[in-house]
Number of protein chains: 2
Amino acid sequence: MMTGWEDVRAEVLRRIRARDWAPGAVIPGEETLAVEFGVARATVNRALRDLAEAGLLERRRKAGTRVALLPVRRATLDIPVIRQEVEARGESYGHRVLARRMEAVPLAVAVRMGVAAGTALLFLETLHLAGGRPFAHEVRWLNPVVVPGGVIPDFDRVSANEWLVQNIAYTTGDIAFSAEAASGEEAAALGLCAGDPVFVTERMTWAAEAPITFVRLLHGPGYRLRTML
Amino acid sequence: MMTGWEDVRAEVLRRIRARDWAPGAVIPGEETLAVEFGVARATVNRALRDLAEAGLLERRRKAGTRVALLPVRRATLDIPVIRQEVEARGESYGHRVLARRMEAVPLAVAVRMGVAAGTALLFLETLHLAGGRPFAHEVRWLNPVVVPGGVIPDFDRVSANEWLVQNIAYTTGDIAFSAEAASGEEAAALGLCAGDPVFVTERMTWAAEAPITFVRLLHGPGYRLRTML
DNA sequence: TCCGTCATTATGTATAGACATAATACCGTC
DNA sequence: GACGGTATTATGTCTATACATAATGACGGA
């Protein structure tokens with residue numbers, strides 16, 4: 001029975017997979033489908049919109065809805081706070097602040113953050129532990145200007161990661177992942193050998209056009225970032 | 001003026017960021033907000049649902065809507081066909097099939113694919129080129145059973161990646177990313193030295209409970225997987 | 001033939017009203 | 001006080017209708 005927008009979505013998806021509707025072809029309009037399925041147009045709209053958001057349909061006003069020719073698969077990644085990530089593995093979380101000082105940002109970071117080269121920002125180096133063993137190495141530049149009240153904690157009790165999520169949360173930003181060879185210092189911190197491959201996450205965070213923080217997070221071998229399609 | 005669900009979403013987001021509504025706190029109900037904003041409840045619902053999908057609100061029937069305590073940031077990754085990815089960089093795409101044969105799957109792959117150990121699947125090894133230079137090295141096991149008509153092309157003209165998207169598309173699956181050291185063979189294919197860090201993408205694809213394909217994709221240094229928050 | 005204008009059309013969104021559902025909170029019983 | 005059933009309630013969804021918007025395609029003038 002076709003009672004709900006998820007049923008409509010399932011049936012539309014079935015027809016796409018079964019090639020009843022060929023890739024690139026225009027599918028019937030919402031009104032037509034609504035009549036066929038015996039539901040309101042709004043219900044069909046909800047179903048088709050959902051499939052369009054997933055990248056399987058392409059919709060344009062007046063032009064209609066067509067099956068995506070080369071569907072770009074869209075995966076959603078959850079970016080948890082590191083403590084949660086560790087605890088989700090059933091291990092105990094801990095962290096050690098290795099460095100915390102005001103420092104002139106290197107050029108590469110200044111460019112990424114959109115601040116003048118040589119600007120002094122708070123530099124933080126932290127080691128995240130899972131079950132007492134190194135889990136991730138974090139290097140962070142934090143813009144002290146944007147902190148409400150101007151009071152920045154020492155991050156001994158709450159990691160910068162978690163403190164930021166709770167205090168400057170609801171921001172925008174971008175993330176990039178890559179593989180690199182660990183430098184001598186990085187390797188030492190993570191208990192690896194220099195040159196070992198590390199999984200690098202670089203994240204830039206903004207709040208209302210103001211740069212908040214730039215983080216570079218290193219995970220040793222064995223780390224996997226997972227998601228469902 | 002509060003005329004559309006995006007305006008409602010913007011205002012709610014503003015209040016969350018401004019801490020008018022504290023993290024963890026219950027916000028007013030849909031009906032209340034609808035009256036306050038002068039819109040229908042369905043409009044408020046659309047806005048709040050959108051923010052909940054983004055991970056900023058948590059909604060439960062009867063319990064109401066509350067501001068997420070530790071908002072898990074949700075990033076959406078687009079997984080394009082490799083040819084598109086290369087062409088988007090302004091480089092010309094090409095690929096070479098290095099191996100194509102029926103082969104018993106290794107245990108690790110059999111487990112991941114959910115087939116009996118030793119099952120013979122189609123083994124493919126491909127090198128993807130960008131501007132004539134190695135871009136990615138692909139190792140793939142493909143289940144020939146699921147191919148419509150049973151006819152599998154030689155993938156000389158169209159890469160398996162693209163052929164699958166067009167022919168067995170609209171599937172489910174999962175992806176994992178990691179950093180590894182290149183083996184001698186892998187390094188040779190990509191023009192690297194053994195032990196160099198490579199960015200590894202492993203993807204398992206299913207269609208209606210049947211395993212379709214397992215791919216292991218290696219990108220050399222310099223590759224970055226990017227997304228917006 | 002080319003080009004700008006305008007009617008057409010499919011999707012996008014808003015609305016009021018209704019019922020469904022899940023989960024809490026309350027209340028009575030033991 | 002502990003327990004279990006039930007009323008209450010906020011969200012989830014559907015419907016019918018209406019208008020908004022964008023983009024196409026047809027038409028007509030230069």
Side-chain angles (χ1 to χ4, degrees), chain A residues 1-16 20-69 71-72 74 76, chain B residues 1-16 20-69 71-72 74 76:
Chain A
M1 208 49 217
M2 205 63 64
T3 54
W5 69 273
E6 293 190 279
D7 295 295
V8 174
R9 182 182 59 181
E11 172 58 16
V12 170
L13 184 55
R14 191 195 63 71
R15 293 188 187 181
I16 293 172
D20 290 350
W21 295 331
V26 176
I27 74 172
E30 294 186 347
E31 189 55 47
T32 312
L33 291 174
V35 171
E36 184 194 334
F37 294 149
V39 298
R41 185 169 79 88
T43 306
V44 174
N45 182 281
R46 181 101 155 78
L48 297 187
R49 186 162 25 95
D50 196 71
L51 288 168
E53 273 165 19
L56 272 78
L57 291 176
E58 282 168 10
R59 319 196 72 197
R60 264 170 36 236
R61 279 172 163 147
K62 166 75 181 174
T65 302
R66 55 185 63 230
V67 180
L69 213 44
V72 173
R74 210 153 288 152
T76 57
Chain B
M1 211 47 219
M2 204 63 64
T3 54
W5 69 273
E6 293 190 276
D7 294 294
V8 174
R9 181 183 60 181
E11 172 58 15
V12 170
L13 184 55
R14 191 195 64 71
R15 293 188 186 180
I16 294 172
D20 290 350
W21 294 331
V26 176
I27 75 172
E30 294 186 346
E31 190 55 46
T32 311
L33 290 174
V35 171
E36 185 195 332
F37 294 150
V39 298
R41 185 169 81 89
T43 307
V44 174
N45 182 280
R46 182 101 152 77
L48 297 187
R49 185 160 27 93
D50 196 71
L51 287 169
E53 274 166 18
L56 273 80
L57 291 177
E58 283 167 11
R59 319 195 72 197
R60 265 172 32 239
R61 279 174 164 147
K62 166 75 181 172
T65 303
R66 54 184 64 229
V67 180
L69 214 45
V72 173
R74 211 153 285 151
T76 58

Among residues at least two apart in sequence or on other chains, which ones pass side-chain contact (heavy atoms from CB on, under 4.5 Å) with B:Arg14?
B:Glu11, B:Ala18, B:Asp20
Under 4.0 Å, heavy atom to any atom of DNA chain D: which of residues 43-54 of chain B qualify?
B:Asn45
List the residues meeting side-chain hydrogen bond (donor to acceptor under 3.5 Å, both in side chains) with A:Arg60, not counting sequence neighbours, and say none if there are none.
none
Please find the earliest and latest nucleotides of DNA chain C, in the 5' to 3' direction, that have an atom within less than 4.0 Å of any heavy atom of chain A.
C:dT8 to C:dT13
By side-chain hydrogen bond (donor to acceptor under 3.5 Å, both in side chains) - contacts of A:Arg9 (at least two apart):
A:Glu6, A:Asp50
The criterion is salt bridge (Lys or Arg N to Asp or Glu O under 4.0 Å); which residues satisfy it with B:Arg41, sequence neighbours excluded?
B:Glu30
Set of side-chain hydrogen bond (donor to acceptor under 3.5 Å, both in side chains) partners for B:Glu36, sequence neighbours left out:
B:Arg15
With A:Ala52 via side-chain contact (heavy atoms from CB on, under 4.5 Å) - residues at least two apart:
A:Leu57, A:Arg59
As an exercise, state the distance from CG of A:Leu56 to CG of A:Leu51, rounded to the nearest 0.5 Å.
6.0 Å
Partners meeting side-chain contact (heavy atoms from CB on, under 4.5 Å) with B:Glu58 (sequence neighbours left out):
B:Arg66, B:Ala68
Atom CD of A:Glu30 to atom P of D:dT17: distance rounded to whole Å?
17 Å
Which residues pass the side-chain hydrogen bond (donor to acceptor under 3.5 Å, both in side chains) test with A:Glu31, sequence neighbours left out?
none
Measure all distances between protein nitrogen or oxygen atoms and nitrogen or oxygen atoms of nucleotides 24-26 of chain D, and list the pairs falling under 3.5 Å.
unit_1: D:dT24; atom_1: OP1; unit_2: A:Arg60; atom_2: NH2; d: 2.7

With B:Arg74, which residues qualify under side-chain contact (heavy atoms from CB on, under 4.5 Å), at least two apart?
A:Thr76, A:Asp78
Please figure out whether B:Arg41 or A:Ile27 has its closest DNA chain C nucleotide nearer the 5' end.
A:Ile27
B:Gly29 vs A:Trp5, nearer the 5' end of DNA chain D by closest nucleotide:
B:Gly29
Just the rounded figure in Å: distance from C1' of D:dT13 to CZ of A:Arg9.
14 Å
